[in-house]
Each structure stands twice: as structure tokens, then as C-alpha cells.
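All chains are named by letter (A, B, ...) in the order of the sequence lines, taking the proteins before the strands, and each is independently numbered beginning at 1. Side chains are part of it too, since the values below use all heavy atoms of this structure and drop only hydrogens, waters and symmetry mates.
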Protein chains: 2
Amino acid sequence: MQILGSKWTFWVMGELATAPRRFNELRRGLGNISTKSLNDVLRFLEQAHIIHREVFATVPVTVEYSMTDKGKDFLRVYYTMQDWGEKWKGYDTQENESRMPKIDR
Amino acid sequence: MQILGSKWTFWVMGELATAPRRFNELRRGLGNISTKSLNDVLRFLEQAHIIHREVFATVPVTVEYSMTDKGKDFLRVYYTMQDWGEKWKGYDTQENESRMPKIDR
DNA sequence: CAGTATCCGACATGATACTG
DNA sequence: CAGTATCATGTCGGATACTG
């Protein structure tokens, strides 16, 4: 719950699911996350050993984030959530609303 | 993400996973959730058609919360998360810490 | 490029009191 | 029993500016 408690973690995982990414790559991939928020998420995931941070001594310096084994295994959760979302997408519509059990309030 | 965004949703789902429960049953089962928070969660899950609310005209009135089909299917997510948690429990310990990849900061 | 440092406001959660 | 209504507070996240 701590992991999914923050707003961006899920999508960061999504970004890293397929390939390692660098800081600004992640930022671009995520739309409009602030550097602060991205940093917070990355630090958290790193300290939880879900992602791995590797620094390359280029100029300017390059940093790559990738999944650890624990992180890769977490993708089970990610994909299950994604699948559930797809499956029930569009279910809560006006038409379906009428077929829903009436709730007596 | 909205579903798991709130602090208690996950455990409310856990309570309802096995059987329907009444308001105060949930409260007791969850430890120390405030009536407000519990209410908020229940309203949200209901409006998302994940749980069903049923009122029984007893005295005093009784209200039962139960999983909808959508909610039951969400338990896939719940159990996957739970399984992941179990699997990696105790991994981030002092002993393992030393076997972790060194992170150059 | 990959961050750090502040500041600030919105919102989530908790505590408390009250009701049909 | 099953809530509703308020009020207080902490924190999360965004905006902005700056750095090696």
C-alpha cells in the first residue's frame, strides 16, 4: 500500500516495465510530473529495492533506472491491475447504470 | 489508482473478500478507522460499483456491504498484491542488504 | 543531464460530537 | 446501528529557482 499510495509509482513502474530509463526520459514519458515528485518516487522505489539506480560517468553524468528482480516480480501486480482496468472499462456507464442493482438509500 | 489511492480501501476489500459485513463489523475488523474514513471508502467503492450496499429494515436498521462481480474480480489484484508482499517479506533485511547491488551515490 | 532546495496550497485523514 | 457534520492537521504534490 505504501508503494501504490503515491500518485506516480504505478506509472513509473509502467515506464520501467519494458526497459531501463534515464531521469528525464521518465519525465517525458510520464507527461507532467515535477522533478521533485519523480525524485521522491525513484528514491522510494530504490530504497525498497524495487528499482536499481546506476550512474554512468559520462559528461554530463547519466543515470539509469531499472527493475530489480523484486521489481520485475511486482509487475504481476501491475499487469493484474491493468487487466482489471481494461476488463471493466466502460462498465459504469449510463446504460449499464440502469441494469445495476437498485440501491435503496 | 484512485481505488488504491486511499489508505483503507485495500483492507476494506480484504474484509469483504470472504463475506458481507456490516458497518460496525468492518470498523472492528479494521482496527482504528474513523467512521468518517470508513464512510468515505464505502461510498467511493459503492459508487464505483465495486461493493453493494443493502439496507435491512430492522430496528435499529442494519446495513450490509458485499462485493459486486466487479469487486470480486478485483480480488485478483488484491491477492496478487498480497502474494507479492508475502513473497518478498523479509527480503530487505540487514543480511540481504549486504548482498544487494551497491549503489554508487 | 540529473537532480536539490523552498515554498505553498489542496486534499486526505483523524478526532470529536451529534442523530434517526 | 449506521451513519452525518465539523473542525483540525499533516502530507503530498506542484511550481519555481538554482547547481555540479
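For Arg43(A) and dG3(C), the shortest distance from a side-chain N or O to OP1 or OP2 is below 4.0 Å. An OP1 or OP2 oxygen of dG14(D) is reached within less than 4.0 angstrom by no side-chain nitrogen or oxygen of Arg27(A).
Mapping Thr35(A) and Pro60(A) onto DNA chain D via the closest heavy atom, the residue that lands nearer the 5' end is Thr35(A). Residue Arg22(A) is the one, among Gly5(B) and Arg22(A), whose nearest nucleotide of DNA chain C lies closer to the 5' end (criterion: closest heavy atom).
Residue contacts shown for Phe44(B) are absent, as no nucleic acid heavy atom lies under 4.0 Å away. Backbone-only engagement by Tyr65(A) is indicated by non-hydrogen atom pairs under 4.0 Å involving sugar-phosphate atoms exclusively. Residue-level contact check: Thr62(B) touches the backbone only, with heavy atoms under 4.0 Å from sugar-phosphate atoms and none from bases.
For dG13(D), its base never sits under 3.5 Å from the side chain of Lys7(A) at any donor and acceptor pair. In the interface, the side chain of Ser6(B) is not paired with the base of dT13(C) through any donor and acceptor atom under 3.5 Å apart. No donor-acceptor contact under 3.5 Å links the side chain of Ser34(B) to the base of dT16(C).
Put simply, CE on Met1(B) is 13 Å from C1' on dG13(D), counting in whole angstrom units. What separates CZ of Arg28(B) from P of dG3(D) is a distance of 13 Å, to the nearest Å. To the nearest angstrom, C1' of dG3(C) lies 17 Å from CD of Glu64(A). dT4(C) atom P lies 9 Å from atom CG of Asp40(A), rounded to whole Å. For Trp8(A) and dG14(D), the CH2 to C1' distance is 10 Å, given to the nearest whole Å. At whole-Å resolution of the value, CD1 in Ile33(A) and C1' in dT16(D) are 16 Å apart. Atoms CG (Asn39(A)) and C1' (dC12(D)) sit 15 Å apart, rounded to a whole Å. Taking atom NZ of Lys36(B) as the reference point, atom C1' of dA8(D) lies 12 Å away to the nearest angstrom.
Between Tyr91(A) and Trp88(A), the ring planes lie perpendicular to each other; the angle is over 60°, past the 30° to 60° tilted range. Ring planes of Tyr65(B) and Phe23(B): tilted class, angle from 30 to 60°.
Using a 4.5 Å heavy-atom threshold, the side chains of Phe74(A) and Ile3(A) count as touching.
Ionic pairing of Asp83(B) and Lys87(B) is not present here: no N-O contact between side-chain nitrogen and carboxylate oxygen is shorter than 4.0 angstrom. Contact check on Glu46(B) versus Arg43(B) returns a salt bridge, with a Lys/Arg side-chain nitrogen under 4.0 Å from an Asp/Glu carboxylate oxygen.
In this structure, dC11(C) forms a base pair with dG10(D), meeting either the Watson-Crick or the G-U wobble geometry with both donor-acceptor distances under 3.5 Å.
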